[in-house]
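Beneath this line is the structure, given in structure tokens, with notes to follow.
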Amino acid sequence: MLTSTLLTYILIEASAVVAFPDIGRALAASHLKERIAPVAPFPEYPGSPSHVVYDSFDPVSQLVSTSGDNAWAAPGPGDIRGPCAGLNAAANHGYLPRNGIATADAINTGLWEAFGLDKTATLFLQTATMFFDGDPVSGRWSIGYHSDKTQSLGLVGDLLGNETGICAYGHLKTEGDASITRGDWLAPDMNSNCASYPEFAQELLDLATERTGGNITPQVLAEHSYNRKLHSIATNPNYFSPVYAGVAFTFGAHMFAYQLLANHSAEYPRGFLTPEVFESFFSYTRDANNNLVFTYGHERIPDNWYRRADDDAWTLTDILISTAQQCLSYPTNCQVGGNTGEVNSFSGVDLGDMTGGFINSVDDLSDPTRLGCFISQAIQADVPSFLDNVFSGAALTEVLGLVDTTLMPALAGLGDCPNLPAGKSVMEYGKGYPGAQFMTSGSRSPY
Ligand code: HEM
Ligand SMILES: *[C@@H]1O[C@H](CO)[C@@H](O)[C@H](O)[C@H]1NC(C)=O
Ligand SMILES: *[C@@H]1O[C@H](CO)[C@@H](O)[C@H](O)[C@H]1NC(C)=O
């Protein structure tokens, strides 16, 4: 349990950041100079308490097929791969369409079969992603950069805008900065948000060696997440962390890297993630000098790999609890805001103002119930403004009509949030931050 000193520290830090953004800046800068321990230890087994004691292993149902229809094949010409190790690996093994265009059915069945991701999570992720980055009418979205194959509204011709996919110009919606190994889209260099950078992967492996002797654990990933945010603040003048892509999704992916990629056995029913398994899933090989080499889109489910058990699935509730646990351990990870055009200029957005008073300090976000409603509020505010950027005319009317019938039911999994005030969209609260400017297309290469 927290000592009162720690609790006081969290409260002081959290409220200071909101009231005086400059203190947030000073804090970020001082953290860079001096490594600090987490405010409260991040749990060894995050998520729902049931995972802590899970102790069964069934080699038959947990072994994931990598042969026949599920044999690995590299993406062919025109097939799309992107920033998500899990989606790329699933597509390379036929658990998702090999062309990289996701559909609702494929997401719900493929991610369960391959990884044991519960339907509460896939329903939410599928729905949010098709609204943010794809086509809410057909449900299709690209697992990488823009593809013409996601659009279904052919009849409305030039009223149709540009569906971004989840990386490149999809930045800020689902994809955020300070990823496990991907670059920051608006950083001066190493700025592909679709490709993986060996430097960041090596940092994770080195941290794991230091902390555990080699295996990657949830605690190692939580610390890496903190390090990556400090790195972005210190090197990317345009670093920005919005609510969904920045506070929730980036960390959600950090947890997926263990919860969905770890191998399982009778000895380790809660999983163990070796560097070799991590490298296979992240499309890394070794060169003659044993240095990491990344190949775009070659993510692979290792042979003889056992996913998490059916009755120990990773749920939407687990995503919320582990994200809240992050906010308790690393409150600065949960600050909404960014640099103001220079490195080390982090300035926090006033949470009370952006949430209509629903959230008033980062400390509130360590409660999974409030965090769920905070994320729901942000998505409800963001979706119409993002749709407005991508669609117009009759197409816009049609997709806005789907907010009530399709988006809202899927957000119910984030919690029942009575009297939730309307929040502000990232386009409002991000005004003035160079890293919160949104474009749906342009001349940059996604790689
Ligand atoms: C509908 C479901 C999913 C969506 C929409 C999705 C989307 C994304 C996106 C947008 C990113 C980039 C995040 C960032 O910029 O930090 C990402 C990263 C990641 N995702 Fe997924 N993902 C999904 C399911 C999965 C699954 C099932 C797994 C694991 C089996 C997974 C594992 C990861 C990992 C490990 C990363 C971090 C990659 C890196 O930073 O190098 N995701 N995902
Ligand atoms: C997964 O764990 C099992 C049991 O320890 C082991 O036999 C198998 O080789 C491991 N798979 C991989 C890909 O490391
Ligand atoms: C959509 O965006 C992509 C990537 O920026 C670009 O290549 C394509 O030309 C755009 N299409 C339209 C219709 O604007």
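Throughout, residue positions are numbered sequentially from 1 according to the sequence presented. In this text, all values refer to a predicted model and were calculated from it rather than measured experimentally. As the structure lists them, so they are numbered: ligands from 1, and atoms in each ligand from 1.
Within the structure, ligand 1 lacks Phe200 among the residues with a heavy atom less than 4.0 angstrom away. Within the 4.0 Å heavy-atom cutoff, Thr274 does not count among the residues contacting ligand 2. Using a non-hydrogen distance threshold of 4.0 Å, Phe272 registers as a contact of ligand 2.
Any N or O atom pair closer than 3.5 Å counts here, and Thr174 shares no such pair with ligand 1. By the 3.5 Å distance cut-off applied to N or O atoms, Trp305 is not counted among the residues near ligand 2. Considering backbone and side-chain atoms alike, Gln126 places every N or O at 3.5 Å or more from each N or O of ligand 1. Checking only distances, Ser196 never comes within under 3.5 Å of ligand 1, N or O to N or O.
Of all protein heavy atoms, the one lying nearest to atom 7 (O) of ligand 2 is Tyr306 CE1, 4.8 Å.
Ser196 and Tyr296 are not linked by any side-chain donor-acceptor pair at a separation below 3.5 angstrom, with hydrogens and angles left out of the test. If you check the side chains of Asn389 and Thr440, you find no donor sitting under 3.5 Å from an acceptor.
Within the 4.0 Å heavy-atom criterion, neither part of Thr122 lies near ligand 1. Of the heavy atoms in Asn193, none comes closer than 4.0 Å to ligand 1. Proximity of Phe249 to ligand 1, defined as any heavy-atom pair under 4.0 Å, is confined to the side chain (atoms from C-beta onward). Contacts between Thr129 and ligand 1 below 4.0 angstrom, taking non-hydrogen atoms only, involve the side chain exclusively.
Listed by number with element, the atoms of ligand 2 under 4.0 angstrom from any heavy atom of Ser265 are 4 (C), 5 (O). Residue-ligand proximity, Leu260 to ligand 1, at heavy-atom distances under 4.0 Å covers atoms 26 (C), 27 (C), 28 (C), 29 (C), 30 (C). Remark: ligand 2 atoms within the under-4.0 Å shell around heavy atoms of Pro302 are 13 (C).
Considering only non-hydrogen atoms, atom 14 (O) of ligand 2 lies nearest to Asn263 out of Asn263, Asn304, Val64. One option in Cys84, Gly246, Gly183 has a heavy atom closer to atom 43 (N) of ligand 1 than any other, and that option is Cys84. The residue from Ala253, Ala104, Pro83, Ser179 that puts a heavy atom closest to atom 38 (C) of ligand 1 is Pro83.
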